[in-house]
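Report on one structure; see the data block that follows.
Not measured: the values here are computed from a predicted model. Below, chain A is the first sequence line, B the second, and so on; all start at residue 1.
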Amino acid sequence: MPVVTLPDGSQRSFAQPVTVAEVATSIGAGLARAAIAGRVDDRLVDTSFVIEGDARLAIVTEKDPAALDIIRHSTAHLLAQAVQSLFPDAQVTIGPVIEDGFYYDFAYKRPFTTEDLAAIEAKMREIAKADLRVQRRLMPRDEAVQFFKNLGEHYKAEIIAAIPANEPISLYGQGDWVDLCRGPHVPSTGKLRAFKLMKVAGAYWRGDSRNEMLQRIYGTAWLNDKDLNDYLHRLEEAEKRDHRRIGRELNLFHMQEEAPGAVFWHPKGWSVFQGLIAYMREKQNAAGYQEVNAPELMDATLWQQSGHLEKFGENMFTTRTPDERLYAIKPMNCPGHVQIFKQGLRSYRELPLRFGEFGKVHRYEPSGALHGLMRVRAFTQDDAHIFVTEDMITEETVRGIRLLLDIYKDFGFDQVQVKFSDRPPKRVGEDAIWDKAESALIAATQAAGVEYTLNKGEGAFYGPKLEFVLKDAIGRDWQCGTWQVDLNMPGRLGAHYVDEHSQKRTPVMLHRAIFGSLERFFGILLEHHAGKLPTWLAPVQVVLMGITDRQNEYLINVAEFLRNQGLRIETDLRNEKVGFKIREHTLQRVPYLLVAGDKEVAANLLSVRTRSGKDLGTMSRETFVERLAIELESRGRRTLED
RNA sequence: GCCGGCAUAGCUCAGUGGUAGAGCAGCGGUUUUGUAAACCGUUGGUCGGGAGUUCAAAUCUCUCUGCCGGCACCA
């Protein structure tokens, strides 16, 4: 006699065990039709789930946040059924839900083509339309292994064989097709309406590059067509933000075949790049850092000593010179900074000693990893190494974290997530040293009052690290900053200081980067702002233009004035209509367009227009400069529009 | 690195074995113009590199390079 308690507190009793679907029907036909799954005592189940005893039950409809995942999961099954219907000897493997959709990996004798994809999608619609019932059944594990082996599904059999023998396996069937799955699923394929297959790609079996490559089909699925179309629209918008496209359109930089993974900075791009460096230099100087510069090319023996050649060698560029010496191009700045530290006898009184470098490093990245500015082989780091005593780790880390978060705020990144990465499998140094380094970093992080998540085994080969992840305007995560505690490298490279008892001690080295790679940070900024860089960074801040050539003299005069105020300005005196000029400079994302016609000249004013198309009216050149100064000083927190 | 796709004018792209095209940009001219595209004319290509098949290759084959989407990698 199960008594079912509904979310509103009302209770219904039944004479015998009932299914979720039956309870829904007893409440109303509309609810029964809308039911996607059930939540029995907070556990998600199918609508066919049988409630044996007293339980709390919520009918999961589209309004429930869990509905979308269930639909995506069921759509993955629909995909697999369609593939096996069209390609019977394709084997299924796994098909999980991912952000915005799902994928399913198949083993097949040949890669799927885009034509196959269209056919598969058509088949999916056909099956969805047939509204097949989705049925769950249980099978003992060993029987399930045999069942899938008999079907020729060796991957599936392998997955099941890894499940403990006493756990029964649930199988889901729709029509004549069946798959292993934990569930829950929609009650019938007709519930799946808004979906689209996106792309095919290779993916390694079990995510291991030593294994064979499977065919992965990606799809997206939503509650309705509107959500689906919104999603497709979002993708288009994201593509318009692509930094590679903006970089070309705004003439910021280019890359070419002869220099894979390296950037040719054009004047405008380099202006922004220099702006980033100038900003960081100012912040670092104020925070007690000293800027240094170390060689890009150093003898391989030094890199052997540091451990880089052994642990990092496959990512390093080396060069053999005519005198038969082997040099390595630096992939990191730390060994160079240790050399600077080692010059002369260091005293504990000098610590903390903070060395910063805008160091250009080269790393041989796998060709398939290269991606615009986001993943390059030659890049500039805002890299610093802080030499401290063990006692200083906490205080210095607290200061460092504060500086990092402060700087991110200036760029409009208020949401920063922190990850703690502990010892990786490939590392130098004794475990006892790692124990010490990890606990010191955790203690310091806690002292800074920062929440963090654990990133197991992802530390640097010489020490644990904190990673700072920024969220951009369209919700994507970007790992930028890093803070690392290193109890290994200084000792390996023979760095010492003399303590208050005249004892030689090995310093602790804290590695730090805030932008990370300036190239990458530049790319993130471009995408975050969709090319509309804040005025303080914009390569051209103001363009002056006239209506006819009668205003030229006036404009040249104003231009000189603005330039003398330190603004980056251009004049556009071309024989073009003002609408045409406005269009061009707006597309170039120039923050402010100043227009002068005969009226403005007569009144000694300027008509001010923003790149977002807003008309700010006319004002004098002095007022414009004054108001712009507020925007520049506040780093865009207050603009002319405010 | 692995799987797949792509590579034609500065950019975006047509061109499925038979004389390389369009729009925009550029250049020359006309136009003196009021807040997101004035008009006319015109230059521009070893069709990514190399090899092969063919009477004939942008087009078919092989190979190299790069890029794009994933996977792996991101020390």
Tell whether A:Thr586 reaches the base of B:rU35 with its side chain through a donor-acceptor pair below 3.5 angstrom. no

Expressed as a whole number of Å, how far does the P atom of B:rC40 sit from that of B:rG23? 11 Å

Write down the distance separating the C1' atoms in B:rA9 and B:rU63, rounded off to the nearest Å. 27 Å

Over how many whole Å does the gap from A:Phe521 atom CZ to B:rC74 atom P extend? 23 Å

Measuring centre to centre across the rings, with the benzene-like ring taken for any Trp, is A:Phe461 within less than 6.0 Å of A:His308? yes

Distance alone, cut at 3.5 Å: any donor-acceptor contact between the side chains of A:His154 and A:Gln91? no

Quickly work out the A:Glu258 CD to B:rC64 C1' distance and round it to whole Å. 14 Å

NA contact type, A:Val595, heavy-atom cut-off 4.0 Å: base, sugar-phosphate, or nothing? base

Distance in angstrom units between A:His371 NE2 and B:rC73 C1', rounded: 15 Å

Have a look at A:Glu467 and say if it touches a base, only the backbone sugar-phosphate, or nothing, with a 4.0 Å heavy-atom cut-off. nothing

Using a heavy-atom cut-off of under 4.0 Å over every strand shown, decide if A:His308 touches base, sugar-phosphate, or nothing. nothing

Are A:Phe102 and A:Tyr104 an aromatic pair by the rule of ring centers under 6.0 Å? no

Of the nucleotides B:rU35, B:rA37, B:rC71, which has the atom closest to the A:Arg216 side chain? B:rC71

Mind checking if A:Gly597 touches a base, just sugar-phosphate, or nothing, with heavy atoms under 4.0 Å? base

In chain order, what residues pass the salt bridge (Lys or Arg N to Asp or Glu O under 4.0 Å) check against A:Glu576, with sequence neighbours excluded? none

So if I apply the ring-ring contact (aromatic ring centres under 6.0 Å, His included) rule between A:Phe273 and each of A:Phe253, A:Phe264, A:Trp265, which one comes out positive? A:Trp265

With the threshold set at under 4.0 Å for non-hydrogen atoms, list the residues of residues 296-307 of chain A touching RNA chain B in residue-number order. none

Check whether any side-chain N or O of A:Arg244 sits under 4.0 Å from OP1 or OP2 of B:rC68, and answer yes or no. yes

Any base atoms under 4.0 Å from A:Phe312, or only sugar-phosphate, or nothing? Heavy atoms, all strands. base

Under the 3.5 angstrom rule, does the side chain of A:Arg492 hit a backbone N or O of A:Tyr462 as a donor-acceptor pair? no

Side-chain donor-acceptor contact under 3.5 Å, A:Gln84 with A:Glu153: yes

Once salt bridge (Lys or Arg N to Asp or Glu O under 4.0 Å) is applied, do any residues pair with A:Arg244, and if so which ones, sequence neighbours excluded? A:Asp242

Are A:His528 and A:Phe413 an aromatic pair, judged by ring center distance below 6.0 Å? yes

Walking RNA chain B from its 5' end, the first of A:Glu458 and A:Lys577 to be reached, judged by nearest nucleotide, is A:Lys577

Sugar-phosphate, base or nothing in reach of A:Glu249, heavy atoms under 4.0 Å: nothing

Given the C1' atoms of B:rC27 and B:rU65, what is the spacing between them in whole Å? 34 Å

Using a 3.5 Å distance criterion without hydrogens, assess whether the side chain of A:Lys581 forms a donor-acceptor pair with backbone atoms of A:Arg574. yes

Decide if the gap between the ring center of A:Tyr155 and the ring center of A:Trp205 is smaller than 6.0 angstrom. yes

Can you see whether A:Glu584 engages A:Thr586 through a side-chain donor-acceptor pair at a distance of less than 3.5 angstrom? no

Please state the C1' separation for the pair B:rA25 and B:rC13 - nearest whole angstrom. 14 Å

Heavy atoms only, 4.0 Å cut-off, all strands: where does A:Ser607 land among base, sugar-phosphate and nothing? base

CA sep, side-chain torsions, deciding dist, call: A:Phe515, A:Phe521, ring-ring contact (aromatic ring centres under 6.0 Å, His included): CA-CA 6 Å; A:Phe515 293 146; A:Phe521 194 77; 4.4 Å; yes

Looking only at the side chains, is there a donor atom on one of A:His254 and A:Gln256 sitting less than 3.5 Å from an acceptor on the other? yes

Could you check whether A:Glu584 gets within reach of a base, just the sugar-phosphate, or nothing at all, counting any heavy atom under 4.0 Å? nothing

In residues 539-553 of chain A, which residues come under 4.0 Å of RNA chain B by heavy atom? A:Ile547, A:Thr548, A:Asp549, A:Arg550

Its dot-bracket string being built from Watson-Crick and G-U pairs below 3.5 Å, with | for another strand and [ ] for crossing, RNA chain B has the pattern (((((((..((((....[..)))).(((((.......))))).....(((((..]....))))))))))))....

Do NZ/NE/NH1/NH2 and the carboxylate oxygens of A:Asp105 and A:Arg216 come within less than 4.0 Å? yes

Run the ring-centre check on A:Phe355 versus A:Phe341 and record whether the distance is less than 6.0 Å. no

Rounded to whole Å, the CD-C1' distance (A:Glu576 to B:rG34) equals 15 Å

With A:Phe195, which of A:Leu228, A:Leu78, A:Thr220 fulfils side-chain contact (heavy atoms from CB on, under 4.5 Å)? A:Leu78

Heavy atoms only, 4.0 Å cut-off, all strands: where does A:Lys599 land among base, sugar-phosphate and nothing? base

The side chain of A:Ser209 is closest to which nucleotide in this list: B:rG70, B:rA72, B:rG34? B:rA72

Taking CD from A:Glu314 and P from B:rC73, how many angstroms apart are they, rounded to a whole number? 12 Å

Identify whether any heavy atom of A:Leu593 sits under 4.0 Å from a base atom; if not, whether one sits that close to sugar-phosphate; answer base, sugar-phosphate or nothing. nothing

A:Tyr364 OH to B:rC74 P, in whole Å, measures 16 Å

Any chance you could list the contact pattern along nucleotides 2-12 of chain B? Use B for base contacts, S for sugar-phosphate-only contacts and - for none, protein heavy atoms under 4.0 Å, 5' to 3'. BBS------SS

5'-most contact on RNA chain B (nearest-nucleotide basis), A:Pro331 vs A:Gly207, goes to A:Gly207

Gap in Å between the two C1' atoms, one belonging to B:rU16 and one to B:rU12, rounded: 22 Å

Sugar-phosphate, base or nothing in reach of A:Lys465, heavy atoms under 4.0 Å: sugar-phosphate

NA contact type, A:Asp208, heavy-atom cut-off 4.0 Å: base, sugar-phosphate, or nothing? nothing

